[in-house]
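The structure appears right after this line, and notes come after that.
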Amino acid sequence: MPISSGSNNKLEESASSVAPVPEGYHAPVQAREQLALPHRVKWLQMLWDYSSLPKEMYQQYYLRPLERCVTLMQQFPATENGHHTCLGGMVDYLLETTAYAARLSKSHLLPIDAPPEEQATQSAAWNAVIVYAAMVQSLDGLSQIEIELESGKRWLPLTSSPEEHYRFRFRSVTDAHLAQSQGAMRAWKIIPDEALHWLNNWPQALNVLSLYLSGFRNESGVINAIVSEAIRISTGNVFEVQISTLSATSLPTALPEVVLSPAVSAPDVKSVSVPPAESSGPLTLVSALDNTLSSFRPPAGTAEEMPSQEEDVAGELLAVMGLVVSTTPDGEETTVITALPEPKDTTASGSSDLGEKFWQWLSDGCRSGRFLVNIPDARIHIIATWVFIRTPGIFHQFLQENNHPASDKSVLQNAFERLGRHRQDKGAMYTCHLYQDCEKKGRFSKLSGYLILASKLYERHNIPGENPLLVIKQQNNQGVMP
């Protein structure tokens with residue numbers, strides 16, 4: 001399916017099966033239909049790969065605000081004459097920039113002045129701050145677009161999709177303060193309340209996000225720098241693309257014509273090569289993990305058949321989004337929107353997923369007694385009914401013993417977190433104090449890691465005794481966990 005006005009017109013045809021779309025207008029399209037386009041699934045896959053959240057939180061904290069953004073963006077180009085000028089270009093720009101920002105976030109330990117243990121504890125929160133900042137800046141283009149409904153009313157992209165067919169034109173921004181205030185108004189409606197309450201456990205992260213959402217981006221420091229770099233990458237590379245020429249969406253004399261440049265002729269428009277619609281082979285979902293940021297290019301032969309494992313990745317990602325792709329008898333793929341799936345029990349082992357392999361290795365090592373336990377250099381400690389696994393050492397040990405490169409540490413850690421088998425209160429990781437005497441006073445070592453129910457790892461095997469020198473601190477740093 002080429003990325004073109006044709007592919008987006010198919011969305012409009014499905015959205016307007018009841019009432020025909022008048023010439024020069026567009027039909028509102030549901031967000032999940034737009035996100036199900038194959039080239040957009042690729043960017044969602046990249047975001048999923050570099051997120052630090054388990055599946056349920058990823059759905060609620062990342063996918064839901066993305067859907068809200070896409071609902072407001074509809075089929076708008078990102079710019080009139082610059083980058084991403086094709087229909088739907090604003091949504092493509094949103095996904096690309098957000099995915100790149102998530103990837104770049106893994107190269108930064110935040111907050112900058114915090115000790116390493118605290119940075120590890122807050123990594124998921126700062127990843128979310130960077131992702132949200134990338135999302136909301138993509139909405140800035142809405143202040144340059146004037147939208148008119150079929151009834152003649154003006155539509156303000158704020159909370160929901162237009163209720164009628166619409167047409168649009170670009171306009172110059174004459175009041176920067178008005179554009180900033182409207183952008184802040186949209187931004188605060190995009191981020192879920194639950195996510196803001198979660199981020200409130202790390203006030204510095206929430207404060208920086210508040211500055212960015214309110215339009216004070218230079219004051220947000222490194223967050224603005226990371227997002228700016230993601231924007232540069234998104235708008236500064238050219239991908240090969242199979243595309244049909246877009247015809248301009250004309251508005252009457254009262255609203256001057258909107259000229260949409262063909263994406264193939266714009267040197268700073270980035271799209272993804274996808275196989276033609278008549279191809280019988282499965283769609284190639286190119287992972288961005290194997291490409292550097294400075295030389296990101298699609299591999300040759302993007303229409304070739306993919307291994308079944310990558311097909312499974314694409315299917316699982318669509319399932320997380322509440323989308324099911326089915327094939328008609330004539331070979332055409334259709335997308336069915338379903339409710340978001342209920343969380344499933346993920347305790348079964350034996351999967352080829354890296355997280356499952358790590359879990360099996362960890363469980364086998366605990367049951368066999370192969371790991372050192374409850375000594376200062378140990379990576380396994382017992383406290384009450386919990387196993388504390390010390391990071392990052394436990395991940396590096398797995399990678400070394402299983403001949404994986406050390407650079408896979410972040411991917412492994414994300415895969416483990418997505419299993420959802422560790423304790424999660426206000427974040428993923430815990431900080432603990434390992435004292436030198438049983439009175440738990442005086443000097444101590446500060447460790448960070450995850451808490452897992454001992455019964456999950458040891459099952460029916462004997463569980464070692466508790467480490468009397470270990471104290472797990474609550475993640476809000478207000479006391480000792482009972």
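What you see is a predicted model, and the numbers here were worked out from it, not measured in a lab. Positions are given from 1 along the sequence.
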Hey, does N402 have a side-chain heavy atom less than 4.5 Å from the side chain of K357?
no
Could you check whether any side-chain N or O of R379 sits under 3.5 Å from a backbone N or O of L372, counting only pairs where one atom can act as donor and the other as acceptor?
no
For the atom pair CD (E466) and OG1 (T385), what is the distance rounded to the nearest 0.5 Å?
9.0 Å
Parallel, tilted or perpendicular: ring planes of Y435 versus F444, cut at 30 and 60 degrees:
tilted
For L72 and P157 the tightest heavy-atom approach is CD2-C, 3.9 Å
Donor-acceptor pair, T85 side chain versus G82 backbone, under 3.5 Å?
no
Heavy-atom pair with the smallest gap, counting every atom of L53 and A124
CD2-CB, 4.3 Å
Indicate whether any N or O donor in one side chain lies under 3.5 Å from an N or O acceptor in the other, for E118 and Q122.
yes
Over all heavy atoms of both residues, which pair between L44 and Y58 is shortest? Give the atoms and the distance, please.
O-OH, 3.5 Å
Value for CG (L469) from NE2 (H381), rounded to nearest 0.5 Å, stands at 9.5 Å
Validation row: V387, I382 side chains within 4.5 angstrom (heavy atoms):
yes
Donor-acceptor contact present, side-chain E417 to main-chain N414, <3.5 Å:
no
Nearest-0.5 Å distance, CD1 of residue I130 to OH of residue Y212:
11.0 Å
Y450 and its side-chain hydrogen bond (donor to acceptor under 3.5 Å, both in side chains) partner, picked from R423, H422, Q413:
Q413
Heavy-atom check, side chain of I380 versus side chain of L362, under 4.5 Å:
yes
What distance separates S138 OG from E96 CD, expressed to the nearest 0.5 Å?
9.5 Å
Between N374 and G465 (side chain of the first, backbone of the second, donor and acceptor by atom type, cut-off under 3.5 Å), is there such a pair?
yes
Does this structure show an ion pair linking R64 with E194, if we count only N-O contacts that are shorter than 4.0 Å?
no
Verify side chain to side chain contact (heavy atoms under 4.5 Å, CB included) between N127 and Y62, making sure each step is shown before the conclusion.
CA-CA 11 Å; N127 177 266; Y62 283 5; 2.6 Å; yes
Heavy-atom pair with the smallest gap, counting every atom of A133 and L209
N-CD1, 4.4 Å
Is a side-chain donor or acceptor of S214 paired with a backbone partner of A184 at a separation under 3.5 angstrom?
no
Looking only at atom types and distance, does a side-chain atom of S363 sit under 3.5 Å from a main-chain N or O of W359, one as donor and one as acceptor?
no
A side-chain contact here means heavy atoms from C-beta on lying under 4.5 Å apart; do W361 and R370 qualify?
yes
What's the spacing between N224 CG and E229 CD if we round to 0.5 Å?
12.0 Å
Using a 4.5 Å cut-off on heavy atoms from C-beta on, say whether the side chain of I223 contacts that of L110.
yes
Check step by step if side chain to side chain contact (heavy atoms under 4.5 Å, CB included) holds for F371 and C366.
CA-CA 6 Å; F371 294 137; C366 288; 4.1 Å; yes
Are F388 and N467 close enough that some pair of their side-chain heavy atoms sits under 4.5 Å apart?
no
Side chain to side chain contact (heavy atoms under 4.5 Å, CB included), that's the test. Do E356 and L419 meet it? Break it down for me.
CA-CA 8 Å; E356 288 286 359; L419 294 178; 3.8 Å; yes
Interatomic distance, CG@L206 vs NE2@H197, rounded to 0.5 Å, equals 10.0 Å
For A230 and L104, work out which heavy atoms get closest and say how close.
N-CD1, 3.6 Å
Apply side chain to side chain donor-acceptor pair (under 3.5 Å) to residues E401 and Q397 and explain how you reach the verdict.
CA-CA 6 Å; E401 292 184 9; Q397 182 177 345; 3.1 Å; yes
Check: Q34 main-chain N/O paired with R40 side-chain donor or acceptor under 3.5 Å
yes
Would you mind reporting whether R68 and K189 have side-chain heavy atoms less than 4.5 Å apart?
no
Using the rule given for side chain to side chain contact (heavy atoms under 4.5 Å, CB included), can you reason through M135 versus L94, listing the C-alpha separation, both sets of side-chain angles and the distance that settles it, and then say yes or no?
CA-CA 6 Å; M135 281 188 201; L94 160 74; 4.3 Å; yes
Any donor-acceptor N/O pair, T98 side chain to L95 backbone, under 3.5 Å:
no
Check whether any side-chain heavy atom of P464 lies under 4.5 Å from a side-chain heavy atom of Y458, and answer yes or no.
yes
For D113, look at atom CG and say whether over 12 heavy atoms of other residues, nucleotides or ligands are found less than 6.0 Å away.
yes
Describe, in one word, how the ring planes of W198 and Y61 are oriented to each other, choosing from parallel (under 30°), tilted (30 to 60°) and perpendicular (over 60°).
tilted
Which heavy atom in I112 sits nearest to a heavy atom in Q119, and how many Å separate them?
O-NE2, 3.6 Å
Treating S234 as the side-chain partner and I231 as the backbone partner, does any N or O pair qualify as donor plus acceptor under 3.5 Å?
no
